[in-house]
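Everything on this sheet refers to the single structure shown next.
Just so you know, residue 1 is the first one in the sequence shown, and it goes up from there.
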Amino acid sequence: MLVTGAGAASATKVDTQLKIRDITPNPVVVKAGAETTAYFDIGASSDVQKVELSVAPAEGFRTMRAKDVKDLEGWRFAIGFNENDPAGKWKATAVAFDAKGKEVAKDTAFFAVEIEKGKAETRISRFSADPWKVRKGKSIYFSGRLQVNDDGWEGVRGEKVNIYVRTSGSSGWKWVGSDWTDRRGKFYAKTKAYRSGFFRAVYAGDDELEGSTSRSDYVRVYGSWWRR
């Protein structure tokens, strides 16, 4: 990234000075889907006619394409950062030139860019309610796996998954049990069979993970008539 600005010259010879005085905010925190503007304040002596400012990741990245840059009053610049920019340590370099275009001073400063990722996608796979046919009063067993999409689907450990039922003739879902996922993301639960219906597993999500709901699995319960 390269930006330039212009300043007033002094008729009196002075010792050339250049300083990146402030970078605000630091760190530059970028939220997913948004842009954060960083302001660069540079101090320069009166013999400086032009300042070029470049910013780039401090290490390990290719040259970046130019961005929209605002040239503010004096030696101040504004640069927008978004989630496509690499996170980590960045370097700002200011170069001063005199009236003849000769480089007369240089200064560098470091700042950090932090990217706040959005919530990760989750899913509940292989959810099952067994057996598919059971006598009233016996147990129904549930199993499944909670996974997160982290460059591929992986199990999520230590998260609570709830089991709900929608019995035949009902439009609402009722909680019947829950379990915490193991290191592979697997969970197990059981409940007493009272009435035929559809069962499903639900993960509510948290600050980093999106919630998810499994497919529904039907269990037929037979035996004496259902009584409240």
Check the pair E35, F81 against side-chain contact (heavy atoms from CB on, under 4.5 Å), reporting the backbone distance first and the verdict last.
CA-CA 5 Å; E35 182 175 274; F81 292 83; 5.7 Å; no

On a heavy-atom basis, which atom in P131 and which in S139 lie closest, and how many Å separate them?
CD-O, 4.0 Å

On the ring face of W173, is R200 found with NZ or CZ under 6.0 Å from the centre and within 45° of the axis?
yes

So side chain to side chain donor-acceptor pair (under 3.5 Å) across residues 207-219, not counting sequence neighbours, yields T122-S212

Hey, what do you get for CD1 (I42) to CZ (R76), rounding to the nearest 0.5 Å?
10.5 Å

Cluster overlap F127 with L209, hydrophobic side-chain contacts below 4.5 Å:
yes

Cluster overlap V176 with V134, hydrophobic side-chain contacts below 4.5 Å
yes

Tell me every residue that passes side-chain hydrogen bond (donor to acceptor under 3.5 Å, both in side chains) with S128, counting only those two or more places apart in sequence or in another chain.
D130

Is it true that a side-chain atom of S196 and a backbone atom of V221 form a donor plus acceptor pair closer than 3.5 Å?
yes

With sequence neighbours excluded, what pairs up with F97 under the ring-ring contact (aromatic ring centres under 6.0 Å, His included) test?
none

Hey, mind stepping through S143 and K186 against side-chain contact (heavy atoms from CB on, under 4.5 Å) and telling me if it holds?
CA-CA 7 Å; S143 63; K186 294 183 178 181; over 6 Å; no

What is the ring orientation for F111 with W90, classed by angle as parallel under 30°, tilted 30 to 60°, or perpendicular over 60°?
tilted

Test of understanding: with salt bridge (charged side-chain N to carboxylate O under 4.0 Å, His left out), list the residues that count as partners of R21, not counting sequence neighbours.
D41

Pairs under 3.5 angstrom only: tabulate donor-acceptor contacts from the side chains of residues 152-165 to other protein residues two or more places apart or in another chain.
residue: E159; atom: OE1; partner: Y203; partner atom: OH; Å: 3.0
residue: N162; atom: OD1; partner: W175; partner atom: NE1; Å: 3.1

Between R166 and K174 (side chain of the first, backbone of the second, donor and acceptor by atom type, cut-off under 3.5 Å), is there such a pair?
no

If Ile, Leu, Val, Met, Phe, Trp and Tyr residues are connected whenever their side-chain heavy atoms lie under 4.5 Å apart, and connections chain through other members, are L18 and V95 in the same group?
no

Hey, could you give me the CZ/CG distance between R145 and D182, rounded to the nearest 0.5 Å?
8.5 Å

Side chain proximity check, E116 to V29, heavy atoms < 4.5 angstrom
yes

Tightest non-hydrogen contact, residues A38 and P25, listed as CA-CD, 4.1 Å

By salt bridge (charged side-chain N to carboxylate O under 4.0 Å, His left out) - contacts of D179 (at least two apart):
none

Quick check for you: to the nearest 0.5 Å, what is the distance between K106 atom NZ and T16 atom OG1?
15.0 Å

Would you say the rings of F142 and Y188 are close, in the sense that their centroids are separated by under 6.0 Å?
no

Side chain to side chain contact (heavy atoms under 4.5 Å, CB included) test vs V28 passes for just one of D85, T36, I115, I79, namely T36

Closest heavy-atom pair, K192 versus G137, reported as atoms and distance to 0.1 Å, is CD-O, 3.4 Å

Within 6.0 angstrom of K119 NZ, more than 12 heavy atoms from elsewhere
yes

Side chain to side chain, F199 and V219, heavy atoms closer than 4.5 Å:
yes

Can you measure from NZ (K136) to CZ (R195) and round to the nearest 0.5 angstrom?
10.0 Å

CG (D107) and CD1 (I20) are apart, to the nearest 0.5 Å, by 5.0 Å

Here the gap from Q49 atom CD to D47 atom CG, rounded to the nearest 0.5 Å, amounts to 8.0 Å

